[in-house]
Amino acid sequence: MNTLFLRTLFLLLFSVALSFQVSAQQVEISVYSGLGAYQMTGARSIQQIIKNSMSALPLETVENFPPYWQFGGEVSFLVKGDLRMGLHYNMASTGGKLHYGDYSGEISSIQLIHRSLVGVSARTESRINRKGLSFEVGIVAGINSTTMDLLSKIDLHDIHTSEQTESFKNNSLSLLPEIGLKQYLGPLVLKAFVGGEYTFDAKVKPDPSSDGYLADASNKPINFSWNSLRTGVGVGFSF
C-alpha cells in the first residue's frame, strides 16, 4: 500500500467528517488507555548497531521495547445511520536499554521513543441486546510524529562521567483498525477493544532537514515501526 493512497484516504475521511451536519444529541466524547506491543524493528536495528560498534564490551540488553501503556481520546459525531466519524488523538511510548558494568565503571545506552498521533476515525456499531450492549468496528487513519532520544552514558568510578543525548524524529502514516464492545448506561459509555496498528513511510532521518535516512548494516532504511497489537478500555459520554 503506497503513501499516496494513505494520504488520500486521510484527506477523504477528514473531508467527509466535515461535510456532515450534526446536532448536539449526536456527539460522543471518549478517552481510553491500554497496552501496545510494538514491533519497533528499526529501533532494534539501532540497538544492534550500537552493540556492534562496541563489540569489545559485552553489552547486555536490559530493555527490549516491551509492551507499554498508550492513551488517547476521541470526539465523534453520528453522521448517518450507525456511521460515526470523528477526530482522534493517541500517544504511546516504549524504550530499550543496553548496559555493561564492572569494578571500573559502567556504560549504558538508552532509547526513549514516544509519539503523538492525530487522525480521523470512522466507526459503525450494531446492537447486541436491548440493555445497551453494542458491537463496534472502527478504523483510524492518522499522522504520527515520533521522537527517539538516544542517551549514552559512560561512568568511570571516581574518575570521569560522560553523557551525550541525540534525538531522531520522523513523521509517518498509520492505520489503526479495531473491534470492541460498548455498553451504554444512559449518557455514560463504557468500552473495551482489541486492534492493531500498521505504520507506513516511517523512515528515520538523521535530522528533520535532511534528505537522507538512517540505514542498518545491510544498508536498508531504518523505520520507526509502530506496527502492533493493541488492547484497552475507555469511558465516554454521549449527548
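Note on Ile113: it clusters hydrophobically with Ile49, by side-chain heavy-atom contacts below 4.5 Å among ILVMFWY residues. By the criterion of side-chain heavy atoms lying less than 4.5 angstrom apart, applied directly or through intervening Ile, Leu, Val, Met, Phe, Trp or Tyr residues, Ile29 is grouped together with Phe77 in one hydrophobic cluster. Residue Leu78 is not grouped with residue Val189 when hydrophobic side chains (ILVMFWY) are merged at heavy-atom distances under 4.5 angstrom, including chains of intermediate members. Placement of Leu59 and Val62 in two distinct hydrophobic clusters is found when ILVMFWY residues are connected by side-chain heavy-atom separations under 4.5 Å, directly or transitively. One hydrophobic cluster holds both Leu35 and Tyr89 under the rule that ILVMFWY side chains link at heavy-atom gaps under 4.5 Å.
Gln183 places a side-chain N or O within 3.5 Å of a backbone atom of Lys131 that can act as its donor or acceptor partner. Formation of a donor-acceptor pair under 3.5 Å by the Arg44 side chain with backbone atoms of Gly96 is not found in this model. Looking at Gln111, its side chain does come within 3.5 Å of a backbone N or O of Ala43 through a donor-acceptor pair.
With salt bridges taken as basic N to acidic carboxylate O contacts below 4.0 Å, one links Glu178 and Lys191. Electrostatic pairing of Arg84 and Glu136 does not count as a salt bridge here, judged by no charged N lying under 4.0 Å from a carboxylate O. Between Lys153 and Glu106 there is no salt bridge, since none of the side-chain N atoms of the basic residue sits less than 4.0 Å from a carboxylate O of the acidic one.
Tested against Val140 for a side chain to side chain contact (heavy atoms under 4.5 Å, CB included), the candidates Leu117, Asn90, Leu175 yield a single pass: Leu117.
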Q.
I'd like to know whether Glu28 forms a salt bridge (Lys or Arg N to Asp or Glu O under 4.0 Å) with Lys182, so could you lay out the CA-CA distance, the side-chain angles of the two residues, the decisive distance to 0.1 Å, and finally the verdict.
A. CA-CA 12 Å; Glu28 184 176 306; Lys182 296 174 71 174; 3.2 Å; yes

(Q) Determine whether His99 and Glu60 satisfy the following criterion, side chain to side chain donor-acceptor pair (under 3.5 Å), listing intermediate values before the conclusion. (A) CA-CA 5 Å; His99 180 267; Glu60 295 183 0; over 6 Å; no

Q) Can you check side chain to side chain contact (heavy atoms under 4.5 Å, CB included) on Leu98 and Thr61, steps first, answer last? A) CA-CA 5 Å; Leu98 300 173; Thr61 302; 3.5 Å; yes

**Q.** side chain to side chain contact (heavy atoms under 4.5 Å, CB included) assessment of Met54 paired with Tyr100
**A.** CA-CA 11 Å; Met54 299 182 180; Tyr100 171 74; over 6 Å; no

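The two residues Tyr198 and Pro177 have their closest heavy-atom pair at CE1-CG, 3.8 Å. Heavy atoms only, all atoms of each residue included: Pro66 and Thr94 are closest at O-OG1, 3.2 Å. The two residues Ser225 and Thr41 make their nearest non-hydrogen contact at CB-OG1, 4.0 Å. Counting all heavy atoms, side chain and backbone alike, Arg127 lies closest to Gly132 at NH1-CA, 4.3 Å. The minimum heavy-atom distance between Lys169 and Thr147, with the atom names listed, is NZ-OG1, 3.3 Å. The two residues Ser33 and Phe71 come nearest to each other via the heavy atoms CB-CD2, 3.5 Å.
Under 3.5 Å, the side chains of Trp226 and Thr146 contain a donor-acceptor pair of N or O atoms.
In this structure, Leu150 CG and Gln164 CD are separated by 8.0 Å, a value rounded to the nearest 0.5 Å. Annotation: the span from Phe224 atom CZ to Thr199 atom OG1 amounts to 11.5 Å, rounded to 0.5 Å. Here the CZ atom belonging to Arg115 is positioned 4.5 Å from the CG atom belonging to Asn144, to the nearest 0.5 angstrom. Annotation: the span from Asn227 atom CG to Met40 atom CE amounts to 9.0 Å, rounded to 0.5 Å. With values rounded to the nearest 0.5 angstrom, Leu190 atom CG is found 11.5 Å from Ser30 atom OG. To the nearest 0.5 angstrom, Ile128 atom CD1 is 5.0 Å from Leu181 atom CG.
Side-chain contact between Val118 and Ile143 is absent, with no heavy-atom pair separated by less than 4.5 Å.
Residue-environment remark: CZ (Phe135) exceeds the threshold of 12 foreign heavy atoms within 6.0 Å.
Between Phe193 and Tyr32, the distance from one ring center to the other falls under 6.0 angstrom.
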